[in-house]
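Everything below concerns the one structure shown next.
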Amino acid sequence: MRKVAVVGIGHTRFGNLSDYNLVDVMAMASLDAMEDAGITEERTLIDQLFVANMGGGIINHQTGIASALVSRIAMEPTPAELIENGPASGASAVKLGYMAVKSGMADLVMVTGGELMRAVTGWKGTDFVATLLHPDVEYRYGLTLPAFGGMFTRLYMERYGLTERDLALVAVKDHANGAKNPFAHVQNECTMEGIYDGPNAEVVNNYVAEPLRLYSMCPVSDGAASLLLCATDSPLYERFKKRAGIVISGIGSATDTHCVHNRKDPLDLEAVRISAERAYQNACLTASDISFAELHDAFVILEIAISEEIGLFRKGEAKNAIAEGATKVTGSMPINTSGGLKAKGHPVGATGVSQVYELVKQLRQEAEEGRQVADPVHGIAVNFGGFGNNVVTTICSKEFA
Amino acid sequence: MLKGVRMINIDFSAYEETRPKVEGVVCPTCGKLHYPAPMICDRCNTRRDPSGARYSRWETTELEGNCTLLTWTRVHALPDGFDIPFLQFGIVEFSNGLRASGLLKSENPEIGMQLTAIADVVRETGNKKEWGLVFVT
């Protein structure tokens, strides 16, 4: 069966891009991916565009974004569709691109995800994401994603003995990585003294949704990322062979109950576990083959819980791995070498694409100094939509691994 | 009948019908309780039809009374216009096994504590009042 290679990658700076236009930002990342692949002038060779965006219709008052993007980068009459799957829109677009190539319907596909959330106030940004909750039995109460993050964290602490100090350790590690990533929204390091141990920590790192604090949550960001996918058995693939071959070796997704309260165990992230099982099966790999991971730490607790759910650590044991430094770039299982959502930022529609961008960058061994994993072979990315009700897991590998 | 006469004959019982309630539904075939109401029972595949035109209506069951707190949070980042320092939310389990999210009004919440669920105003925007579950000690 044909393999799907990632032959071009593009990324904008994440942060505050509210002076710019959503489609322009997506176009920047898309053209960067084409430039990386060396096909800018022959871009109409691309069979199909999949565009990921969650809130353009609500926060930017713009619809028909895929069509607008095609036109902005002068690619008519290339087919283009928009994928909205909450904060997992990005990885869903990657999945559809993968399916299009794998099925033989397309040989060369572009996947671009982008979001401009800072066009509105911080509260409106949070409120817009909260519209993915159940309108009658969740959203109406003023419940938001941070509120669910807080409730999840409290229960996790109670059951596994996790402490707020463990959460702060994740933030310090993510910021250290983000500081070395030129595309990261937050590029400053933070210290345990500053956000937890020191006398001013309570003020600097105040509660947002208890027990989650400011340094337990990702920022609200703008940005875009883009990938070019090509079938390895296509004649087109020849032109991309000057670069290290990186393939999507497996992809899987799963859903869970819309309402968090309807899960048998509120700590059981079933969609995360099943999506990863499907991706491992698709790739003929297991968790022990994985060299590094990009996990959806919109709240740092999710980095911990997802790493356990996908089998990188046993349940309740990720906190020990963090304390021992195993999840640092130099550790045995580096997690969020990009800075993660925590430091790199979380433009919702872009995040899933950006995670795969990071996998490719690491596998090509092109990451910046200080955040390159030593000899990675397989990387895994988990893009978490809703409060875990739609999750996509992607595994990328060196082509001849 | 004249319009004015009709005005006098107000059926006050209609007002009682608007008493705020938070309701789950009961599957008419297998008896499973659901909240919120699904369009098909996940246990026996009986369909629900809110209009009652094609399939029989499902009985409702009120979500009120004793419940246990499963987890909770105190949210400090509130929307514009909230003149309070924080809002508390919780997820509870009722004795019949149903679970629900709602507002939590307790000074010292603790996982596992017993609470009472009541229907009350949970959000006011302008003149519009939203009713929902409030968990009190």
Side-chain angles (χ1 to χ4, degrees), chain A residues 120-130 133-159 202-203 205-214 216-217 219-220 256-268 299 301 387, chain B residues 20 22-25 32-39 42 63 67 69-82 84-94 97-105 109-112 117 119-125 128-135:
Chain A
V120 294
T121 61
W123 169 255
K124 282 199 174 128
T126 303
D127 179 66
F128 131 70
V129 178
L133 298 172
H134 194 291
D136 299 327
V137 310
E138 293 178 336
Y139 178 79
R140 70 185 290 132
Y141 292 92
L143 277 159
T144 56
L145 277 298
F148 279 105
M151 290 196 282
F152 183 90
T153 308
R154 188 176 304 282
L155 196 53
Y156 190 100
M157 285 176 161
E158 171 104 353
R159 193 174 304 171
E202 194 69 37
V203 182
N205 191 12
N206 54 299
Y207 277 125
V208 178
E210 293 181 35
L212 295 175
R213 294 172 178 272
L214 186 66
S216 321
M217 340 276 278
V220 176
D256 200 350
T257 63
H258 191 187
C259 299
V260 172
H261 70 245
N262 280 336
R263 299 181 191 160
K264 278 180 221 101
D265 178 352
L267 282 188
D268 192 11
F299 316 113
I301 183 69
F387 198 80
Chain B
V22 179
E23 291 173 329
V25 291
K32 181 171 175 178
L33 303 173
H34 298 266
Y35 173 77
M39 287 297 281
D42 64 351
L63 265 71
C67 54
L69 185 62
L70 298 182
T71 185
W72 64 279
T73 185
R74 186 176 287 145
V75 178
H76 298 261
L78 299 180
D80 306 332
F82 269 87
I84 46 172
F86 57 77
L87 270 176
Q88 293 182 154
F89 300 99
I91 298 178
V92 301
E93 181 168 302
F94 291 91
L98 276 183
R99 290 179 179 179
S101 301
L103 279 189
L104 172 65
K105 292 193 175 163
E110 265 180 47
I111 288 179
D120 205 347
V121 175
V122 292
R123 211 175 190 182
E124 269 189 271
T125 17
K128 201 176 160 221
K129 285 180 181 170
E130 298 263 19
W131 296 84
L133 286 172
V134 180
F135 312 126

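Naming convention: chains lettered A, B, ... in sequence-line order (proteins, then strands); numbering from 1 in each chain.
Residue with the most contacts toward chain A among B:L133, B:D42, B:V92, B:V22: B:L133 (heavy-atom pairs, distance under 4.5 Å). Comparing B:I111, B:V122, B:L87, B:L70 by how many heavy-atom pairs each has under 4.5 Å with chain A, the most go to B:I111.
Between A:C259 and B:P36 the shortest side-chain heavy-atom distance falls below 4.5 Å. At least one side-chain heavy atom of B:H76 sits under 4.5 Å from a side-chain heavy atom of A:E210. Side-chain contact between A:L143 and B:S101 is present, with at least one heavy-atom pair separated by less than 4.5 Å.
Contacts between A:H258 and chain B at a heavy-atom distance below 4.5 Å are absent for every atom of the residue. Heavy atoms closer than 4.5 Å to chain B are found nowhere in A:D136, neither backbone nor side chain. For B:F86, no part lies under 4.5 angstrom from a heavy atom of chain A. Both the backbone and the side chain of B:R74 come within contact range of chain A, with heavy atoms under 4.5 Å apart. Looking at B:L98, there are no atoms closer than 4.5 Å to chain A (heavy atoms on both sides), in backbone or side chain.
Between the side chain of A:H261 and the backbone N or O of B:G102, no donor-acceptor pair lies under 3.5 Å.
With values rounded to the nearest 0.5 angstrom, B:R99 atom CZ is found 11.5 Å from A:R263 atom CZ. Distance check: A:Y139 OH to B:R123 CZ gives 5.0 Å after rounding to the nearest 0.5 Å. How far CD of B:E110 is from CZ of A:R154: 10.0 Å, rounded to the nearest 0.5 Å. For the atom pair A:F152 CZ and B:T73 OG1, the distance stands at 13.5 Å (nearest 0.5 Å). To the nearest 0.5 Å, the span separating CZ on A:F148 from CD1 on B:I91 amounts to 5.5 Å.
In this structure, B:K32 places its NZ atom where more than 12 heavy-atom neighbours from other residues, nucleotides or ligands lie under 6.0 Å away.
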Starting from the C-alpha separation in whole Å, work towards a yes-or-no answer on side-chain contact (heavy atoms from CB on, under 4.5 Å) for A:E138 and B:F89.
-> CA-CA 10 Å; A:E138 293 178 336; B:F89 300 99; over 6 Å; no
